[in-house]
2 protein chains.
Amino acid sequence: MPRESAAKVPTPSSAISDTTLRQFTGYGMKRAFMVIQADVTRTLEPLDLRMVTFSALAIIGDNPGLSQTQLAGALAIERPNLVVIVDELERRDLVSRDRVPTDRRTYALQLTAEGRRLLVRATEALRTHEIRVMHGIGGADLATLIGCLSQIEAFEPGKS
Amino acid sequence: MPRESAAKVPTPSSAISDTTLRQFTGYGMKRAFMVIQADVTRTLEPLDLRMVTFSALAIIGDNPGLSQTQLAGALAIERPNLVVIVDELERRDLVSRDRVPTDRRTYALQLTAEGRRLLVRATEALRTHEIRVMHGIGGADLATLIGCLSQIEAFEPGKS
DNA sequence: TATTGTTATACTCTATAACTATA
DNA sequence: TATAGTTATAGAGTATAACAATA
């Protein structure tokens, strides 16, 4: 890949090199994730959902009755920030906050019927879109990709 | 994976399921990227660099003389937000803003000698850390991973 | 008229401390 | 005393409009 112009001259028009960053898989992950994120945002927009509100619905759907602290942990966000999210979902009648008799400090979160319907619609829309994004990737490669991601996610700074 | 408790009872202690989200490769990418991001942040901290300031140094190093508009494009951030970043790098004497005689509106960005030294140190530190994070992934799988990421990055909403 | 860098500003996300009510 | 949810607030990060200098 020869340099066409002398050193210290700005690259002709807009062909900027990122060779140094490209050596890092983490950089490729960021670039790829930005594409996915943009597609997810676009897909959820007509349903008036953001990535985090969709994720909240999905986690509540998988764990009916869980507490806000547990949900915050699953979403990896701070409890204070979760409050406004659950506020919005409750206001839109997608989620209910039910008092727990055995511990009146906590709420048991549930999807409402409308919450369940919206979760199903959003999940199907995202599945369709993800297939398009991953379209060029073969089945075996996709399995390898998922395995690699799990491996990375399992990394702990302390070990090794 | 049988449910141990009756429906609508909070999950015992803290074993929250994310089955619905796990079907999406994008979710796995986000989780994996969060781990990488945390490691990168920790690695760059002693060098007083953030992800974005390191990336700026790397792009300037690969494209000496480029303009701030070009750098903003390469980093995918808005021009106004880049100004404060370049301000900081210039104040720390890592980057120079040189006037271009042929177009006195633009600056030609260059790494200083100290900027080059810091870039090398940071790149080596990150390389070591990335090897640890990717440690469990075989060579062939890593190549597949990188290929998949490129494929995803190349996705365009319009096509297909 | 268009573009580069800049300022001001606003909006979202995220993070922390402190409060209340319960345990 | 400790915990769940909440409030207030501050700090990042990100986005847009508008300006001065220059083309």
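Letters go in sequence order (proteins before strands), and every chain restarts at 1.
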Under a 3.5 Å distance rule, please check whether [X] uses its side chain to pair with a backbone N or O of [Y] as donor and acceptor.
X        : Y        : answer
B:Glu130 : A:Thr25  : yes
B:Arg99  : B:Arg104 : yes
B:Thr43  : B:Leu126 : no

Would you tell me whether [X] and [Y] have side-chain atoms, one donor and one acceptor, within less than 3.5 Å of each other?
X       : Y        : result
A:Ser67 : A:Thr69  : no
B:Arg97 : B:Gln110 : no
B:Tyr27 : B:Arg22  : no
A:Thr20 : B:Asp62  : yes
B:Gln23 : A:Arg127 : yes

- Query: Which heavy atom in B:Leu75 sits nearest to a heavy atom in B:Ser55, and how many Å separate them?
  - Reply: CD2-CB, 3.6 Å
- Using a cut-off of less than 4.0 Å, is there contact between a side-chain N or O of A:Thr106 and OP1 or OP2 of C:dT22? no
- Task: Verify the contact: side-chain N or O of B:Gln68 to OP1 or OP2 of C:dT6, cut-off strictly under 4.0 Å; return yes or no.
- Result: yes
- Item | Of residues 29-44 of chain A, the positions that come close to DNA chain C - non-hydrogen atoms, cut-off under 4.0 Å | none
- Query: If you pin A:Pro80 and A:Arg104 to their nearest nucleotides in DNA chain C, which one's is more 5'?
  - Reply: A:Pro80
Grab the [atom1]-[atom2] distance between [X] and [N] for me, whole Å please.
X        : N      : atom1 : atom2 : result
B:Asp103 : C:dG5  : CG    : C1'   : 11 Å
B:Arg105 : C:dT3  : CZ    : P     : 9 Å
A:Leu82  : C:dA15 : CG    : C1'   : 14 Å
A:Ile77  : C:dC13 : CD1   : C1'   : 10 Å

Enumerate all atom pairs, one protein N or O and one N or O from nucleotides 10-12 of chain C, separated by less than 3.5 Å.
none

- Which one of B:Leu118, B:Leu119, B:Ile60, B:Thr53 satisfies the side-chain contact (heavy atoms from CB on, under 4.5 Å) criterion with B:Leu94? B:Leu118
- Task: Just call it for A:Arg97: base, sugar-phosphate, or nothing, with non-hydrogen atoms closer than 4.0 Å on any strand.
- Result: sugar-phosphate
- Contact interval (first through last nucleotide) of DNA chain D with protein chain B, 4.0 Å heavy-atom: D:dG13 to D:dA23
- Query: What class does the angle between the rings of B:Phe33 and A:Phe33 fall in, given that below 30° is parallel, 30 to 60° is tilted and above 60° is perpendicular?
  - Reply: parallel
- Let me know, please, whether B:Pro101 or B:Asn81 comes out on the 5' side of the other along DNA chain D by nearest nucleotide. B:Asn81
